[in-house]
Amino acid sequence: MNQINEFITHHIGLNAETFSKVIVSVLIIVFLSVVRLAILKVVWRRTEDVKVRYQWKRSLSMTLPFIGLLMVAAVWIKAFEEFGTFLGLFTAGIAIALKDPLTNLAGWLFIIFRKPFNVGDRVQVASYIGDVIDIRLFQFTILEIGNWVEADQSTGRIVHIPNGKVFLEPQANYSAGFEYIWNEIKVNITFESNWEKAKIILEEIINELAEDIPVKAKKEILEASKNYMIYYKHLTPIVYTSVKEYGVRLTVRYLCNPRTRRGSENQIWQRILKAFASEKDIQFAYPTTRFYTAGE
């Protein structure tokens, strides 16, 4: 045994105790890596659900490194005690030098435990809007919507946002609690049009297309009220009337799922165009200029 210790000290440059700690630390890392691969293999065999697979992979990626850190720290704890003062100063220096990464790490903890959003939620952070597709230690990733594309459709871009942004920017969650948003469609008709008939037509169209949504939304609001002060007096679609410079504006307001906003607008507009085309006393309005000659 003494010969082995002398060989290690002479050829590797480490004493026997330090070398044994290195070996144990490596074995811990290898063991946890094997455990991770084994668990993922079982999960992959038992389910093809992409979301379940992702949740398992993400959970293992967060918990096993933490367990490994604790186990390795337990192996080296005596060595740490010997260099306590040095480590304290070193940690303070690291905290100053790595302010942004540490802020992002704190942001990750906030996201994990406070849950302002989860994977799959549609969110807006600063000027970026999209569906959250990944959450990691230093950044979360969204599949962008909007920007140069209209009606909240995907742009195809993947945007990585530092976790620290949750402390600096407000976050809007389209999915948490209440999974519907209010959408509005503005229909402009001329002053000469029969606006009362047009309003009745719009009400019939929207009530037919959104027949089941108020019932579902009411149930979700009751569930969301356990965590948030959410209250709506009316959930049914409505058509508002107002006057603009060039005609009468009828604003259709209705509930829809954020991911179906463009599809719902498409359906509503198609029905509006068909309905108004058969009505001679209803005409669409647009910005125009009228000239009058005095004395004529």
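Note that the coordinates shown come from a computational prediction; the quantities given were computed from them, not determined experimentally.
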Within a strict 4.5 Å, meaning less than it, do heavy atoms of the [X] and [Y] side chains meet?
{"X": "L209", "Y": "S264", "value": "no"}
{"X": "V239", "Y": "T251", "value": "no"}
{"X": "I181", "Y": "L255", "value": "no"}

If only atom types and distance count, is the side chain of [X] paired as donor or acceptor with the main-chain N or O of [Y] below 3.5 Å?
{"X": "N163", "Y": "L105", "result": "no"}
{"X": "Q171", "Y": "V166", "result": "yes"}
{"X": "S193", "Y": "W195", "result": "no"}

Identify the two heavy atoms, one from [X] and one from [Y], that lie closest to each other, and give their separation to 0.1 Å.
{"X": "I282", "Y": "N194", "result": "CG1-O, 4.0 Å"}
{"X": "Y254", "Y": "R261", "result": "OH-O, 4.3 Å"}
{"X": "W182", "Y": "R253", "result": "CG-NH2, 3.3 Å"}
{"X": "Q153", "Y": "V149", "result": "CB-CG1, 3.4 Å"}
{"X": "S154", "Y": "L143", "result": "OG-CG, 4.0 Å"}
{"X": "T190", "Y": "A285", "result": "N-CB, 3.5 Å"}

Subject >> Neighbour count >12 (heavy atoms, 6.0 Å) for atom NZ, K199 >> reply: yes
If hydrophobic clusters are built from ILVMFWY residues whose side chains come within less than 4.5 Å, do [X] and [Y] share one?
{"X": "V248", "Y": "I200", "value": "no"}
{"X": "V123", "Y": "Y174", "value": "no"}
{"X": "Y286", "Y": "I189", "value": "no"}
{"X": "L202", "Y": "W269", "value": "yes"}
{"X": "L168", "Y": "V159", "value": "no"}

Euclidean distance, [Y] [atom2] relative to [X] [atom1], rounded to 0.5 Å:
{"X": "I201", "Y": "L250", "atom1": "CD1", "atom2": "CG", "result": "10.0 Å"}
{"X": "E265", "Y": "E184", "atom1": "CD", "atom2": "CD", "result": "10.5 Å"}
{"X": "L109", "Y": "R114", "atom1": "CG", "atom2": "CZ", "result": "14.5 Å"}
{"X": "R249", "Y": "K186", "atom1": "CZ", "atom2": "NZ", "result": "6.0 Å"}
{"X": "E245", "Y": "N188", "atom1": "CD", "atom2": "CG", "result": "10.0 Å"}
{"X": "R271", "Y": "E204", "atom1": "CZ", "atom2": "CD", "result": "11.5 Å"}

**OP:** Give every residue pair that meets the side chain to side chain donor-acceptor pair (under 3.5 Å) criterion with at least one member in residues 121-133, sequence neighbours excluded.
**Re:** D121-N173, R122-D131, D131-R259
Subject >> Residues that K197 engages under salt bridge (Lys or Arg N to Asp or Glu O under 4.0 Å), provided they are two or more places apart >> reply: E279, D281
Subject >> Residues in salt bridge (Lys or Arg N to Asp or Glu O under 4.0 Å) contact with E169, at least two apart in sequence or another chain >> reply: none
Subject >> Derivation of the side chain to side chain contact (heavy atoms under 4.5 Å, CB included) call for I158 and I142 >> reply: CA-CA 6 Å; I158 290 178; I142 65 173; over 6 Å; no
Subject >> Any residue meeting ring-ring contact (aromatic ring centres under 6.0 Å, His included) with F110, in chain and number order, not counting sequence neighbours >> reply: F167
Subject >> Residues which pass ring-ring contact (aromatic ring centres under 6.0 Å, His included) with F284, listed by chain and number, not counting sequence neighbours >> reply: F276
Subject >> Pair V132-N118, side chain to side chain contact (heavy atoms under 4.5 Å, CB included): steps then yes or no >> reply: CA-CA 7 Å; V132 180; N118 293 302; over 6 Å; no
Would you list the atom pairs, donor with acceptor, under 3.5 Å between side chains in residues 133-140 and any protein atom, with sequence neighbours excluded?
from, atom 1, to, atom 2, distance (Å)
D134, OD1, Y54, OH, 2.4
D134, OD2, R136, NE, 2.6
D134, OD2, R136, NH2, 3.4

